[in-house]
Amino acid sequence: MFWLSAYVLLPVLAASLNNGLGRLPGLGWNSDYCTNCSTASNGFENEAFIKHIADTFVSMGLQNLGYHYVNMDSKWDTPTRDGNGNLQPDPTLWPSGMDVTIDYVHSKGLGFGLYGDRGTKDCAKNPGALGHEQQDADFFAKNQVDWYKEDACYAAGDEKTALEEYANMSKALNATGRPIWFALCGWKPWYAYTGKSIANSWRVGPDTICGWDCIMENVNNALSVAAFPGPSANGGGWNDLCLLLTPGFSSMSNDQHRAQFSLYSVLAANMLMTGNLSALNDYVIETWTNKDAIGINQDPAGYPALLMQTVPPHRNQTLLKNVPATVAECGGEPDLQIWTLNEPMTGLLRNNKSSTCLNVADCKTSVIYDDCVTSKGTCSGPGKFNNEQWLLPKPGSTGLIKSNMSTNDCLTYGADKQLSIQSCDDAGQPWSYTSTFQVKTNTGLCLTAGSPETKWSSYIIGREMANGDFAIIFLNNGLKNANMTCDAACWQQSFLPPGRAMTAHDVWSKRDVGTATVGMDFTAPVPGNGGSRLFRLVGI
């Protein structure tokens, strides 16, 4: 359980990155996880699509809701610097010149963001910023970039070095004189302790690409450092819980999709949309355009979130595995990208972090992460395990990964980054097995297990608003729908005066549903499996 004392009701004011940005969490769009975008490995195709995203910000009214940044993730540039050591926009992506697209985005009143890495290379193996901090910062300023995300894929992992390298880029960005949102992407909650001194936001956990498990790991990490983000005298800085996901992405349900947005609202985290915005279904549009939820996220006081109640999972819950297998950027979830061959049995490919093996579901075509079965047999038959046995290329070489079900069945990845078994003649089939035990595609993506099957707790989390209102979310990670109650002990963690009566406004149904009185039971029915209820309690 996370514990926060009463003093955290006031934002922590500290020396911050002196660029005037970050008084509120960042809202925008990121090119990664770009479902319904294109078949290109970068996800967004080219400059025409980025202009399309900017147009959609305006036509959908996203800009008026506070969404501002149109951000590129990896693969916007070439694999090498030019003769003077400068970064080079990929001319196949920006045939008119990247500056033309940036000018177009700016003409819509929006900001434009780029991506890099504090190490020698970024996650796509394009140039990193190490030793080029001021040169790269000057490049961003010259090109009128407004947001810079700096990853940590090919960089030293110790805390001291990480903070020093991020601080070097922070100083370089400040020295340009151009306000550029510095989005530190180091994947660890300890960045929050000094985050505001060097950045406008800092990642506190893994990429959300694996779905609900990764989202919950980020939420738990954010709760542990909830006292540190907020506005400051020179701008502000915020916890970054990675990107918003659409339903169906990594098996996300509608309820989990909406719960993610609700959690990020109450936790005051950056909210960066993904996908082809013009191809979103009505449910996603309704979620990402909810004015009340966005208003909670963008509340000007920036008070920290309070963990008011934790409901441990029931011990008799049945854990669900059968998770679709995917590839992702190498380095974003390092422990989930290490695969041991021939463990615990010949031909099995096992990830120790998740305790799962690569498996052909029901001996058909879908590939999943599931239990490593070594006795009795599988769908292959009694005493047989062909559907979870694989033949890999020799370490350091490139070749096909064949299933033991048939010599003509090869592991294949599609445009959605999910894996399947196809005949051995597809372009999405070359793989390599590296000396560091990564299984990599020919486009530089890594086989990435789902997070360990974890029985997540259910939470009640609250946050006071600038005008005295109180936002509260009930999150149910149980397997069944349940009534969740904020009782006297729960209310005590809100530090609100006992007996205060407030109108409970349901953010998603957009209607008042009764009265909540501090100190008295406030109960809400909540869907299971990552369902939630979000209320704004308005003073009477």
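Worth saying up front: this structure is predicted, and the values here are computed from it rather than measured. As a basis for the values below, the full set of heavy atoms in this structure was taken, side chains included, without hydrogen atoms, waters or symmetry mates.
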Is it the case that over 12 heavy atoms from other parts of the model lie below 6.0 angstrom from the [atom1] atom of [X]?
X: Asp282; atom1: CG; answer: no
X: Gln492; atom1: CD; answer: no
X: Lys108; atom1: NZ; answer: yes

Polar side-chain atom of [X] near backbone of [Y] as donor-acceptor pair, under 3.5 Å:
X: Trp94; Y: Trp76; answer: yes
X: Asn218; Y: Pro206; answer: yes
X: Asn30; Y: Leu272; answer: no
X: Tyr264; Y: Leu241; answer: yes
X: Asp299; Y: Ala466; answer: yes
X: Tyr369; Y: Thr448; answer: yes
X: Thr274; Y: Leu244; answer: yes
X: Ser458; Y: Asn477; answer: yes
X: Asn143; Y: Val145; answer: no
X: Ser31; Y: Asp73; answer: yes

Under a 4.5 Å cut-off applied to non-hydrogen side-chain atoms, are [X] and [Y] in contact?
X: Thr208; Y: Tyr33; result: yes
X: Tyr413; Y: Thr326; result: no
X: Ile461; Y: Leu306; result: no
X: Glu159; Y: Lys188; result: no
X: Met216; Y: Leu475; result: yes
X: His68; Y: Leu27; result: no
X: Trp202; Y: Asp240; result: no
X: Glu150; Y: Phe182; result: yes

Any side-chain donor near an acceptor of the partner, [X] and [Y], under 3.5 Å:
X: Ser354; Y: Asn351; result: yes
X: Asn270; Y: Tyr69; result: no
X: Ser278; Y: Asn276; result: yes
X: Trp508; Y: Ser262; result: yes
X: His257; Y: Thr287; result: yes
X: Asn19; Y: Asn234; result: no
X: Asn200; Y: Trp238; result: no

Angle class for the Trp29/Phe49 ring planes (parallel below 30°, perpendicular above 60°, tilted otherwise)?
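Aromatic pair Trp29/Phe49 classed tilted.
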Walk me through it: do Asn220 and Trp456 pass the test side chain to side chain contact (heavy atoms under 4.5 Å, CB included)?
CA-CA 9 Å; Asn220 285 353; Trp456 299 108; 3.1 Å; yes
Please name the pair of heavy atoms, one in [X] and one in [Y], separated by the smallest distance, quoted to 0.1 Å.
X: Phe228; Y: Ala192; value: CB-O, 3.3 Å
X: Arg23; Y: Pro231; value: O-CB, 3.9 Å
X: Trp288; Y: Ile294; value: O-CD1, 3.5 Å
X: Ala293; Y: Ser265; value: O-OG, 3.1 Å
X: Ala155; Y: Arg118; value: CB-NH1, 3.3 Å

Please round to the nearest 0.5 Å and tell me the distance separating atom [atom1] of [X] and atom [atom2] of [Y].
X: Cys185; Y: Asp117; atom1: SG; atom2: CG; result: 8.5 Å
X: Glu47; Y: Thr101; atom1: CD; atom2: OG1; result: 4.5 Å
X: Gln256; Y: Ser532; atom1: CD; atom2: OG; result: 10.0 Å
X: Ile472; Y: Gln309; atom1: CD1; atom2: CD; result: 9.0 Å
X: Leu263; Y: Asn297; atom1: CG; atom2: CG; result: 12.0 Å
X: Ser170; Y: Asn18; atom1: OG; atom2: CG; result: 9.5 Å

May I ask you to check if the distance between the SG atoms of Cys242 and Cys214 is under 2.5 Å?
no
List the steps, then state whether disulfide bond (SG atoms under 2.5 Å apart) holds for Cys330 with Cys446.
CA-CA 5 Å; Cys330 298; Cys446 282; 2.1 Å; yes
Please name the residue in the list Asn481, Asn476, Asn254 that meets the side-chain contact (heavy atoms from CB on, under 4.5 Å) test with Pro527.
Asn481
Is the NZ or CZ atom of [X] positioned over [Y]'s six-membered ring, under 6.0 angstrom from the centre and within 45° of the axis?
X: Arg533; Y: Phe474; answer: no
X: Lys149; Y: Tyr115; answer: no
X: Arg258; Y: Tyr283; answer: yes

Test Asp469 against every option in Arg463, Arg536, Arg500 by the salt bridge (Lys or Arg N to Asp or Glu O under 4.0 Å) rule and name the one that passes.
Arg536
So which of Tyr148, Phe112, Trp147 actually passes ring pair (Phe, Tyr, Trp, His ring centres under 6.0 Å) with Phe140?
Tyr148
Quick one, Lys510 with Asp292, criterion salt bridge (Lys or Arg N to Asp or Glu O under 4.0 Å). Give me CA distance, side-chain angles, the key distance, then yes/no.
CA-CA 8 Å; Lys510 301 180 181 180; Asp292 288 342; over 6 Å; no
Worked check of salt bridge (Lys or Arg N to Asp or Glu O under 4.0 Å) between Arg178 and Asp146:
CA-CA 8 Å; Arg178 178 176 178 81; Asp146 306 290; 2.7 Å; yes
Where do Met502 and Thr517 land on the side chain to side chain contact (heavy atoms under 4.5 Å, CB included) test, with the steps shown first?
CA-CA 6 Å; Met502 296 170 285; Thr517 302; over 6 Å; no
Could you walk me through whether Leu280 and Met273 satisfy the side chain to side chain contact (heavy atoms under 4.5 Å, CB included) test, starting with their C-alpha distance in whole Å, then the side-chain angles of each, then the deciding distance to 0.1 Å, before giving a yes or no?
CA-CA 11 Å; Leu280 300 176; Met273 303 174 291; 5.7 Å; no
Phe470 ring center within less than 6.0 Å of Phe535 ring center
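No, the ring of Phe535 stays outside the 6.0 Å limit from the ring of Phe470, centre to centre.
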Determine, step by step, whether Gln63 and Leu110 satisfy the side chain to side chain contact (heavy atoms under 4.5 Å, CB included) criterion, reporting the C-alpha distance in whole Å, the side-chain angles of both residues, the deciding distance to 0.1 Å, and the verdict.
CA-CA 8 Å; Gln63 183 183 32; Leu110 303 170; 3.8 Å; yes
